[in-house]
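Data block below; observations after.
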There are 2 protein chains.
Amino acid sequence: MNIEKAIDKLKEKGYKRTKQRERILEIFSEQDQGYIPAKTILKEIQKDFPGVSYDTIYRNLYLLAEEQVLESTELDGEKHFRFHCDTHGHHHHFICTGCGKTKAVEFCPMDKIAQSLDGYAVDDHKFEIYGKCPGCL
Amino acid sequence: MNIEKAIDKLKEKGYKRTKQRERILEIFSEQDQGYIPAKTILKEIQKDFPGVSYDTIYRNLYLLAEEQVLESTELDGEKHFRFHCDTHGHHHHFICTGCGKTKAVEFCPMDKIAQSLDGYAVDDHKFEIYGKCPGCL
DNA sequence: TATTTAATTGTAATGGTTACGATTAGATAC
DNA sequence: GTATCTAATCGTAACCATTACAATTAAATA
């Protein structure tokens, strides 16, 4: 996901282009290999905008996730975000517990189990693999 | 999982049998169809032990999870617990977002993707399906 | 430049979880 | 039964991520 493309997407919906929002997107594009905790985004953006508030961080992260610019997950009780992968189809992630980097896993188990959930309404699912990547081993 | 069996398991490791711990196990056996948030355990146990502390609840839940008497997951940023299913093999769960009840799904995607994670050390994985059960639909 | 409305700031509240010193109560040995 | 040892509990406060909100600022558009 490209920054300009993301900003255009927001613009179409009436959201404004702000320095803070732009900076948040930059942070993700500089480090787009894994999930980043909200806390890290805050620290990073404070280097440029010392007075940035929690509200700004969370509002933007949630908005960006809502608009599918980012995707999110919860690790150790903390919300993490990364650019949404739109280069290929639906997939899942191996997540390195050392550095946070992810590796796409091109397999979704939902196809295999659809019939076993007859009578149930499936809204969502989560499939994540945790461990250490080659670099952290 | 049976209460006495669980207590015996703890006894072997030098953990004592206490009224509070016993009550926690009872609560799970009375309602063993789904995940229960820690908060609910606290409320429930307070009916019998009004002065029970957070420390007692969390210490016991974590101990029981450690000893594989319970299994845990995090839903909406809250830790949830249920009896560990040991009647059949490794499996996953559909979790009803309405009532918390679960349905076992006898399929684990890890077998299918082992070779795609060559060079990675897999420590853990999570596969959960969320939606509404027939009763909540 | 004026106007409109989204966005940000500053700060406080919330809520689940964790921590800890003092006290209590199982378990075991005598 | 009593003494002793140590796990367990209690009471309370701290911690920390997240959420909330009124007042202010700043994009966007005309």
Side-chain angles (χ1 to χ4, degrees), chain A residues 3-4 6-27 35-67 69-70 72-81 100, chain B residues 3-4 6-27 35-67 69-70 72-81 100:
Chain A
I3 295 180
E4 286 305 322
I7 288 176
D8 286 350
K9 190 170 183 175
L10 294 181
K11 199 168 187 175
E12 277 169 29
K13 299 230 178 168
Y15 298 112
K16 295 173 180 172
R17 172 182 204 131
T18 67
K19 296 186 190 72
Q20 294 88 338
R21 189 168 285 163
E22 205 166 350
R23 183 72 192 109
I24 288 175
L25 288 165
E26 263 175 41
I27 291 166
Y35 281 103
I36 309 176
K39 189 177 24 180
T40 304
I41 302 294
L42 180 68
K43 276 189 206 152
E44 196 58 32
I45 205 174
Q46 277 179 334
K47 294 176 187 170
D48 296 288
F49 303 90
V52 76
S53 80
Y54 290 104
D55 200 286
T56 298
I57 301 304
Y58 284 104
R59 186 171 16 77
N60 277 301
L61 291 176
Y62 291 163
L63 170 67
L64 292 168
E66 181 87 11
E67 296 300 325
V69 172
L70 300 180
S72 67
T73 192
E74 198 153 334
L75 302 169
D76 293 318
E78 266 186 275
K79 291 185 174 82
H80 288 58
F81 298 83
Chain B
I3 295 181
E4 286 305 322
I7 287 176
D8 285 352
K9 191 171 183 176
L10 294 180
K11 199 169 188 175
E12 276 169 29
K13 299 228 179 171
Y15 297 111
K16 295 172 180 172
R17 172 181 205 134
T18 67
K19 294 185 191 73
Q20 293 87 339
R21 188 168 286 164
E22 204 166 349
R23 182 73 191 109
I24 288 174
L25 288 166
E26 263 174 41
I27 291 166
Y35 281 104
I36 309 176
K39 190 179 20 180
T40 304
I41 302 294
L42 180 69
K43 275 189 207 152
E44 195 58 34
I45 205 174
Q46 277 179 335
K47 293 176 187 169
D48 296 287
F49 304 90
V52 75
S53 79
Y54 291 103
D55 199 288
T56 298
I57 301 303
Y58 284 105
R59 187 171 15 78
N60 277 301
L61 292 176
Y62 290 162
L63 171 67
L64 291 168
E66 181 87 12
E67 295 301 325
V69 172
L70 300 180
S72 67
T73 192
E74 198 153 333
L75 302 169
D76 292 319
E78 266 187 276
K79 291 184 174 83
H80 289 58
F81 298 84

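Lettering of chains follows the sequences in order, A, B, ..., and the numbering in each one begins at 1. In what follows, every heavy atom counts, from backbone to side chain, and hydrogens, waters and symmetry copies are set aside.
Taking all atoms of both residues into account, the shortest heavy-atom contact from A38(B) to I57(B) is O-CG2, 4.2 Å.
The side chain of K39(B) contributes an N or O atom lying less than 4.0 Å from OP1 or OP2 of dG16(C). At the phosphate of dA26(D), neither OP1 nor OP2 sits under 4.0 Å from any side-chain N or O atom of Q20(A). Residue K19(A) has no polar side-chain atom (N or O) positioned under 4.0 Å from OP1 or OP2 of dT8(C). In terms of phosphate contacts, Y62(A) brings a side-chain nitrogen or oxygen within less than 4.0 Å of OP1 or OP2 of dT19(D). Of the side-chain N and O atoms in S53(B), none sit less than 4.0 angstrom from OP1 or OP2 of dG11(D). Between Y15(A) and the phosphate of dA6(C), there is no side-chain N or O to OP1/OP2 separation shorter than 4.0 Å. Taking 4.0 angstrom as the limit, R21(B) places a side-chain polar atom (N or O) nearer than this to OP1 or OP2 of dA8(D).
The backbone N or O of V69(B) sits nowhere less than 3.5 Å from a side-chain atom of K9(B) that would complete a donor-acceptor pair. No donor-acceptor pair under 3.5 Å is formed between the side chain of R21(B) and the backbone N or O of N60(B).
Remark: C1' of dA7(D) and CG of N60(B) are 11 Å apart, rounded to the nearest angstrom. Straight-line distance from the CD1 atom of I57(A) to the C1' atom of dT11(C): 16 Å, rounded to whole Å. Following rounding to the nearest Å, D48(A) (CG) and dT9(C) (P) show an atom-to-atom distance of 12 Å. Note: CD1 (I7(A)) to P (dA28(D)) measures 9 Å, nearest angstrom. In this structure, the CG atom of L61(A) is 14 Å from the C1' atom of dT8(C), given to the nearest Å. In this structure, CD of E22(A) is placed 10 Å from P of dA27(D), rounded to the nearest angstrom. Residue L75(A) contributes atom CG, which lies 16 Å from atom C1' of dT18(D) at whole-angstrom precision. We find that CG of L42(A) is positioned 13 Å from C1' of dG10(C), with the value rounded to whole Å.
Side-chain proximity of K16(A) to the nucleotides dT18(C), dT11(C), dA6(C) is greatest for dA6(C). With dT18(D), dT9(D), dA28(D) as the candidates, the nucleotide lying closest to the side chain of T18(B) is dT9(D). Comparing atom distances between the R17(B) side chain and each of dA27(D), dA27(C), dT17(C) picks out dA27(C) as nearest. For Y58(A), counting side-chain heavy atoms from C-beta on, the closest listed nucleotide (dT18(D), dT18(C), dT9(D)) is dT18(D). In the set dT19(D), dA8(D), dT17(C), the nucleotide with an atom closest to the side chain of R59(B) is dA8(D). Listed candidates were dC20(C), dT18(D), dT9(C). Nearest to the side chain of D55(B) is dC20(C).
Between E22(A) and R17(A), some side-chain heavy-atom pair lies under the 4.5 Å cut-off. Side-chain atoms of I41(B) and F81(B), non-hydrogen and from C-beta on, never get closer than 4.5 Å to each other.
K79(B) contributes no side-chain N or O that forms a donor-acceptor pair with the base of dT17(C) under 3.5 Å.
Classification of the Y58(B)-Y54(B) ring pair by plane angle, with boundaries at 30° and 60°, yields parallel.
Residue-to-nucleotide proximity on DNA chain C shows that, of E74(B) and L63(A), the 5′-proximal contact is made by L63(A).
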